[in-house]
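Working notes, beginning with the structure itself.
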Amino acid sequence: MIVWLNGALLPLDEARIVPTDRGFTLGDGVFETMRAEAGTVLRLDRHLARLRGGAATLGIPVPLDDTGLAAALAAVLAANDLAQAQAAVLRLELTRGPAPGGLAPPVEPRPTLLVTTRAAPAAAPAPVRLVTARGTRRNEHSPLSRVKHLGYGDMILAQREASGSGADDAIVLNTAGHVAETTISNVFLEVDGAWVTPPVTDGALPGTHRAALLEAGVAAEVTVTTAMLARARRAVLSNANGLRPVASIDGRCLSLEEVPAPWR
């Protein structure tokens, strides 16, 4: 793999990040996962806007403008012979960079910017089995619930819980006990004949694919209670890599009927 690190294309095993980088020591950074098809990054404007919004929340300067970021993404695709690939996955990661110990950010940060890529799986993803996480909650009151930041500890706990119960992923509730999202996706549910998805105010990450689906009018933003979750007839997960149908929630089988055309 060839990566792009702070302006240079390097083989993966030659790329070096300083051990005092706050992304490593404190999770002080943001990232975007994107899908590219034949060299075109899907919803690129939305991804870069979210990256900049998250960086602004944390007070991390972004060292390149959008044209420069897009060029870095294109360079990594080309360097890995993925510019013409049917589908590839890109990860753009921004940290505050190296700093002395302690929580206080440095007065003059030196951000670290890293881009990596890989080929996307050729096969369509299998329907996912979900469980409701019991061991952790998503804090919808935190500004970080609206930022795609590096601190994924709660989601790792939820994923471990799902794996331990034989499921693929976990639905994470918020502090009020309402549905927020899964560990890596936004969730859309057909409840009482209507499609709904949790609002950002309930802890749902403002996903780029989610936003496009809402603009297409396929669902309404509604607080999703656990009672509604139990009544859901169908469910679909969305993230940058696309849509994935849900086979079951907490052991209850859901319909795998294909979603309407506007979703696709």
Side-chain angles (χ1 to χ4, degrees), residues 33 35 42 87 89 120-140 145 152-264:
T33 302
R35 181 181 178 89
L42 305 185
V89 178
V128 62
R129 299 162 299 167
L130 297 176
V131 294
T132 303
R134 305 297 178 187
T136 190
R137 294 287 179 99
R138 186 160 174 84
N139 181 10
E140 74 277 18
S145 69
Y152 259 58
D154 282 318
M155 296 309 192
I156 292 170
L157 290 176
Q159 178 58 57
R160 290 188 66 205
E161 187 176 338
S163 297
S165 64
D168 304 302
D169 198 359
I171 289 176
V172 182
L173 306 179
N174 64 15
T175 63
H178 301 143
V179 174
E181 57 182 14
T182 77
T183 65
I184 59 171
S185 302
N186 292 119
V187 58
F188 290 79
L189 301 139
E190 185 188 24
V191 182
D192 301 332
W195 283 93
V196 297
T197 193
V200 170
T201 51
D202 280 354
L205 185 76
T208 60
H209 198 172
R210 172 187 181 275
L213 291 171
L214 288 174
E215 286 184 7
V218 302
E221 290 184 288
V222 174
T223 291
V224 179
T225 65
T226 53
M228 293 169 66
L229 186 66
R231 296 200 308 274
R233 188 178 81 88
R234 283 187 289 177
V236 174
L237 306 184
S238 74
N239 61 27
N241 284 319
L243 300 175
R244 190 172 181 184
V246 176
S248 64
I249 299 177
D250 294 325
R252 182 177 66 87
C253 293
L254 273 63
S255 170
L256 291 175
E257 177 186 340
E258 196 169 16
V259 293
W263 290 78
R264 303 188 294 277

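None of these values were measured; they are calculated from a predicted model. Any value given below was found using the heavy atoms of this structure, including those in side chains, with hydrogens, waters and symmetry copies removed.
A donor-acceptor pair under 3.5 Å links the side-chain atoms of E161 to the main chain of G135, judged by distance alone. Checking side-chain atoms of E140 against main-chain N and O of A180 turns up no donor-acceptor pair under 3.5 Å. Between the side chain of R252 and the backbone N or O of A230 there is at least one donor-acceptor pair closer than 3.5 Å. Proximity of a side-chain donor or acceptor of R35 to a complementary backbone N or O of G242 within less than 3.5 Å is not detected.
Looking only at side-chain heavy atoms (C-beta outward), V224 and H178 stay at 4.5 Å or farther from each other. In this structure, T132 and T226 have side chains that are not in contact, with every pair of non-hydrogen atoms separated by 4.5 Å or more. By the 4.5 Å heavy-atom criterion applied to side chains, H209 and L42 are not counted as neighbours. Proximity of W195 to V236: side-chain heavy atoms (C-beta onward) are separated by under 4.5 Å at one or more points. Taking the side chain as every heavy atom from C-beta outward, N139 and R137 never approach each other to under 4.5 Å.
Heavy atoms only, all atoms of each residue included: M155 and T182 are closest at CE-O, 3.9 Å. For the pair A162 and V131, the tightest heavy-atom approach, listed with the atom from each and the gap, is CA-CG2, 3.8 Å. When all heavy atoms are compared, the tightest approach of A158 to V172 is CB-CG2, 3.9 Å. Scanning both residues, D250 and R134, for their nearest heavy atoms gives OD2-NH2, 4.2 Å.
Inspection of the S163 and Q159 side chains reveals an N or O donor paired with an N or O acceptor under 3.5 Å.
When E221, E181, E215 are each tested for a side chain to side chain contact (heavy atoms under 4.5 Å, CB included) with R210, only one passes: E221.
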Distance-only donor-acceptor pairs under 3.5 Å for side chains of residues 196-204, two or more places apart:
| from | atom 1 | to | atom 2 | distance (Å) |
| --- | --- | --- | --- | --- |
| T197 | OG1 | V187 | O | 2.7 |
| D202 | OD2 | T223 | OG1 | 2.7 |

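For the salt bridge (charged side-chain N to carboxylate O under 4.0 Å, His left out) test, residues two or more places apart in sequence or in another chain that qualify with R233 are E190, E257.
Taking OG1 from T183 and CD1 from I156, the interatomic distance works out to 9.5 Å, rounded to the nearest 0.5 Å. Atom CZ in R138 sits 9.5 Å away from atom CG in N174 (nearest 0.5 Å). Taking CG of L237 as the reference point, atom CG of D169 lies at 6.5 Å (rounded to 0.5 Å). Between atom CG of residue L130 and atom CG of residue L229 there is a gap of 8.5 Å, rounded to the nearest 0.5 Å. Atom CG in L243 sits 6.0 Å away from atom CG in L213 (nearest 0.5 Å). Separating the CZ atom in R234 from the CG atom in L254 is a distance of 10.0 Å, to the nearest 0.5 Å.
Among pairs with a residue in residues 236-247, those fulfilling side-chain hydrogen bond (donor to acceptor under 3.5 Å, both in side chains) read S185-N239, at least two apart in sequence or across chains.
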